[in-house]
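What follows is one structure encoded as structure tokens, with my remarks underneath.
Letters go in sequence order (proteins before strands), and every chain restarts at 1. In this text, all values refer to a predicted model and were calculated from it rather than measured experimentally.
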Amino acid sequence: MALKVTRRNFFNRVSAVTLSLSIGQLFGQSFSYTFSSDNPTSNKPFSSQIEKDFYALSCFLTGFETLDLKMNAAVLNEILIDFPKEKAAAILRHFREGDKKAFANSADPELRSFRKKILTTWFTGQFTPRKQSKADLVTLGYLGNLTWASYTVPAPGIPFPNWDKPLLNFESST
Amino acid sequence: MTYDVAIVGSGVAGVNLADVLIQNGFKVLILEAGPDHLPRWQYHQNYLAAPNKTPESPYIQNPEAPFPLTSDLFLYYDQKKESKFDCTYLKVAGGTTWHWLGTTLRFLPQDFQLKSLYGKGVDWPITYDDLEPWYEKAESALNVSGDDRFDLGSPRKNGYPKRPIPLNYLEQKIAPHIQTLTHWGKNLRLTVNPQARDPDICVGSRSCIPICPTGAKYEAAQHLAKVVKNGAELRTRSVAAYLTPNNDQNIESLTYLSWDGQKHQIQAKVFVIAANAIETAKLLLQSRDPKSSKTLANSSDLVGRNLMDHPAQISWALLKEPLFPYRGPFCNSGIDALRDGNFRKDHAAFRVQVNSDGWYWPKGEPSGVAKDFIDQGIWGKDLKEKLKNHMARHITVVSMIEQLPDPDNRITLSNLKDALGLPRPKIHYRLMSYEKDAMTEAKKVHELVFNKIGTTEMHHNDFSECSSHIMGTVRMGDDAKKAVVDKNLRTFENRNLFLLGSGVFPTSATANPTLTIAALAIRLGNYLKTNMSTIQ
């Protein structure tokens, strides 16, 4: 299959400033990628309280107001490899009901380890290899990790034109 | 069935040759060791799903047609650890242009006369002027974009076929600073790279290596489809095993193995081996004269010798100001001033390129930077902001170093075999002081650039990376004792056997080799068109 996408065609199909960019649609693929850091790809309800609590904690720790729900579920699964579900649920309940800043700054080794694992997984998108859905999980982590989202540039492999201009909406905090 | 021309290899060399031959009514067969290529979207998806994003990650490794992998250099190559020859290539229809960078520099006129001008290496048996018309045709075939306003040191009669790819914001901002610099009395001006990349199709996907999702970059695979449509016969999964000469030292047949291990023989008036610098040499080493048991086309003992690359000196820095890298094609500009000069008597020339992909080459994915911040205890909006501001200030410059031909840098046949029982390539490779001294000089130039444009930290690799510009194993020359092929790329010993690709380069110079490969291919096509009747 020869796939030629001219710049004009490309912009006809995908508005460059539209925040949600469906690469799946563009390439006839089954995955999709959220271009913006602050727009979930889907509005599916959380499947459990632990997932909902985990989402809230993830937003708090990562500094993102909203996060991708598929990534949220994948990151939670990754966390549950190191932390038993009951333990994780208890920590998340503690976060929900307690002082959030104190939680984030706590020197408790277990909490620190929990926080670090969450942040590292969200920002690297690297998951423990699994037999099933390995390719989907790698793709999700590669496209959905928050390192690229922080920079407001999608991961390489995803179109991002106008490289001759400064990055839009970039506000230096240095 | 007898073909006019049988070509081994369906990459940029074989395809550009086949295109000329088909247009002139020749009956052409192309053999490809690898499989038919997959659809582009499949390669793109493979890339996204690959845990390690290497140049080969979208492509499927087959035991019947194995190729070297960045992630496992010993899977195919037989080499000692200290050798560390880490150049890679593909075996698939269309060859390695699936994952090439796309830079299409011409050689400089001086590059063809290294021995005469500087007393190093050897001269080519052809001059720049001999090749210039073919460069122009190659630029047309590869649809090269470029900026006619820049003199890159290679005189041109006509402009580039396509308008230039826009420089990225970072390059635009640093160019005026670099222009004020001099080194060895030469002005270090940033020039726009000629590229085989269509500015009307490129949408800045930044995965030129290993796969362009939109087909903006020239790929021999697309060209191959056109050539096959026009009448060339393509046989994939067909691994050339050996050539057999007749009593007159003409090549009588080529034997290849299909992936089921079956032997097949083909006859042709002319055989052209265009497999690449490793595989072409390997095929000759696998081929013996049944009477003398001598290796084919190797009375000079140069088949497999003088293996070269462009060793890369990489340096990276943190800019004072955000200039927004990780956008646009990987490499749009460079400094050409140091590609030639009297210093070549003492050490290698080099070309400095400015990369657009941040710290990707030296440091891998930027998530490593995020990890560092997380390890420091940074979280929340602070983490997001610090990361954003850090990534916006990444810059990498790379110098591609000329490498002298060294007969001890070579490929031979290993005792280790692939799945079809063919020998794997055994590699011996090292850098000499000519290249190492140039790497030291390159670091100084990188520091000049970094200091001028304003950086807060800078780093240098203390080792060379490969460029996968594999050259020089079957070099061309005027003297049968000092070369494998003559200036028309015909082997000195077998009248109907021609070798094509960067293996025939006598010296490496500093230009990425693909455009010169294409120019030589088109030139050979025209030579065969004119001389076919007198060859046998």
Side-chain angles (χ1 to χ4, degrees), chain A residues 1-8 10-11 23 26-31 37 60-64 104 112 115-116 119-120 123-126 129 134-139 142-143 145-167 170-174, chain B residues 39-42 44-51 53 166-169 172 199-207 211 213-216 222 225 321-324 326-329 356-357 360 365-371 373-375 377 379-389 391-393:
Chain A
M1 183 183 77
L3 179 61
K4 285 268 182 183
V5 182
T6 65
R7 184 173 280 189
R8 177 177 292 179
F10 177 75
F11 285 115
I23 297 302
L26 184 61
F27 293 108
Q29 298 305 291
S30 58
F31 64 86
S37 55
F60 182 73
L61 288 178
T62 62
F64 284 79
R112 286 177 63 167
R115 280 194 318 249
K116 187 174 172 182
L119 283 169
T120 304
F123 279 88
T124 64
Q126 288 167 3
K134 184 184 167 190
D136 289 346
L137 200 57
V138 173
T139 303
Y142 176 67
L143 297 178
N145 77 66
L146 296 183
T147 293
W148 289 110
S150 296
Y151 187 40
T152 65
V153 170
I158 305 303
F160 195 67
N162 299 323
W163 57 85
D164 53 333
K165 310 281 191 311
L167 197 53
F170 184 91
E171 293 165 12
S172 175
S173 61
T174 51
Chain B
R40 178 184 309 283
W41 65 261
Q42 182 70 63
H44 184 248
Q45 194 171 48
N46 290 353
Y47 164 66
L48 298 178
K53 310 292 193 227
L167 289 184
N168 65 32
Y169 182 74
Q172 292 173 44
D200 296 323
I201 298 175
C202 179
V203 286
S205 303
R206 299 149 298 128
S207 59
I211 179 69
T214 61
Q222 313 308 318
E321 284 182 51
L323 294 180
F324 317 118
Y326 298 103
R327 300 185 309 142
S356 309
D357 58 343
Y360 212 96
E365 294 207 27
S367 55
V369 177
K371 263 185 185 170
F373 284 137
I374 292 165
D375 287 345
W379 62 278
K381 286 194 164 60
D382 278 356
L383 175 59
K384 190 175 160 184
E385 286 299 310
K386 277 187 185 296
L387 196 49
K388 183 171 80 169
N389 283 293
M391 287 175 68
R393 295 185 290 132

_Would the distance check show the side chain of B:Arg206 and the main-chain N or O of A:Pro154 forming a donor-acceptor pair, the cut-off being under 3.5 Å?_
yes
*Got a second to check how far B:Lys384's NZ is from A:Leu146's CG, nearest 0.5 Å?*
8.5 Å
*For B:Glu365, is it the side chain, the backbone, both, or neither that has a heavy atom closer than 4.5 Å to a heavy atom of chain A?*
side chain
*Measure B:Ala50 against the heavy atoms of chain A and call it side chain, backbone, both or neither at under 4.5 Å.*
backbone
_ring pair (Phe, Tyr, Trp, His ring centres under 6.0 Å) evaluation trace for A:Trp163 with B:Phe324_ = CA-CA 9 Å; A:Trp163 57 85; B:Phe324 317 118; over 10 Å; no
*Supply the atom-to-atom distance B:Tyr326 OH to A:Phe160 CZ, rounded to the nearest 0.5 angstrom.*
14.0 Å
*From B:Lys381 NZ over to A:Phe60 CZ, what is the distance, rounded to the nearest 0.5 angstrom?*
10.0 Å
*Is it the backbone or the side chain of A:Thr62 that comes under 4.5 Å from a heavy atom of chain B, or both, or neither?*
backbone
_Taking the basic N atoms (NZ, or NE/NH1/NH2) and the acidic carboxylate oxygens, is any pair closer than 4.0 Å for B:Arg327 and A:Asp164?_
no
*Is chain B contacted by the side chain of A:Lys116, its backbone, both, or neither, given a heavy-atom distance below 4.5 Å?*
both
*How far apart are the closest heavy atoms of A:Pro156 and B:Ser207, and which atoms are they?*
C-CB, 4.3 Å
*Could you look at B:Leu383 and say if it's the side chain, the backbone, both or neither that has a heavy atom under 4.5 Å from chain A?*
side chain
*State, yes or no, whether a side-chain contact exists between A:Thr139 and B:Gln45 at a heavy-atom distance under 4.5 Å.*
no
_side chain to side chain contact (heavy atoms under 4.5 Å, CB included) evaluation trace for A:Val138 with B:Lys53_ = CA-CA 11 Å; A:Val138 173; B:Lys53 310 292 193 227; 4.2 Å; yes
_Residues A:Leu143, B:Leu48; criterion side chain to side chain contact (heavy atoms under 4.5 Å, CB included); working and verdict_ = CA-CA 8 Å; A:Leu143 297 178; B:Leu48 298 178; 4.0 Å; yes
_Out of B:Ala49, B:Ser205, B:Ser367, return the one with the most heavy atom pairs under 4.5 angstrom to chain A._
B:Ser205
*Which region of B:Tyr47, side chain (C-beta onward) or backbone (N, CA, C, O), has a non-hydrogen atom less than 4.5 Å from a non-hydrogen atom of chain A, or is it both or neither?*
side chain
_Between B:Pro51, B:Ala392, B:Ala225, who has the most heavy-atom pairs with chain A when the cutoff is under 4.5 Å?_
B:Ala392
_Per-residue contact mode, B:Phe373 against chain A (heavy atom under 4.5 angstrom)_ = neither
_Heavy-atom pairs under 4.5 Å with chain A: which of B:Ile374, B:Leu323, B:Ile211, B:Asp357 has the most?_
B:Ile374
*So, for B:Lys388 and A:Tyr151, which heavy atoms are closest and what is the spacing to 0.1 Å?*
O-CD1, 3.8 Å
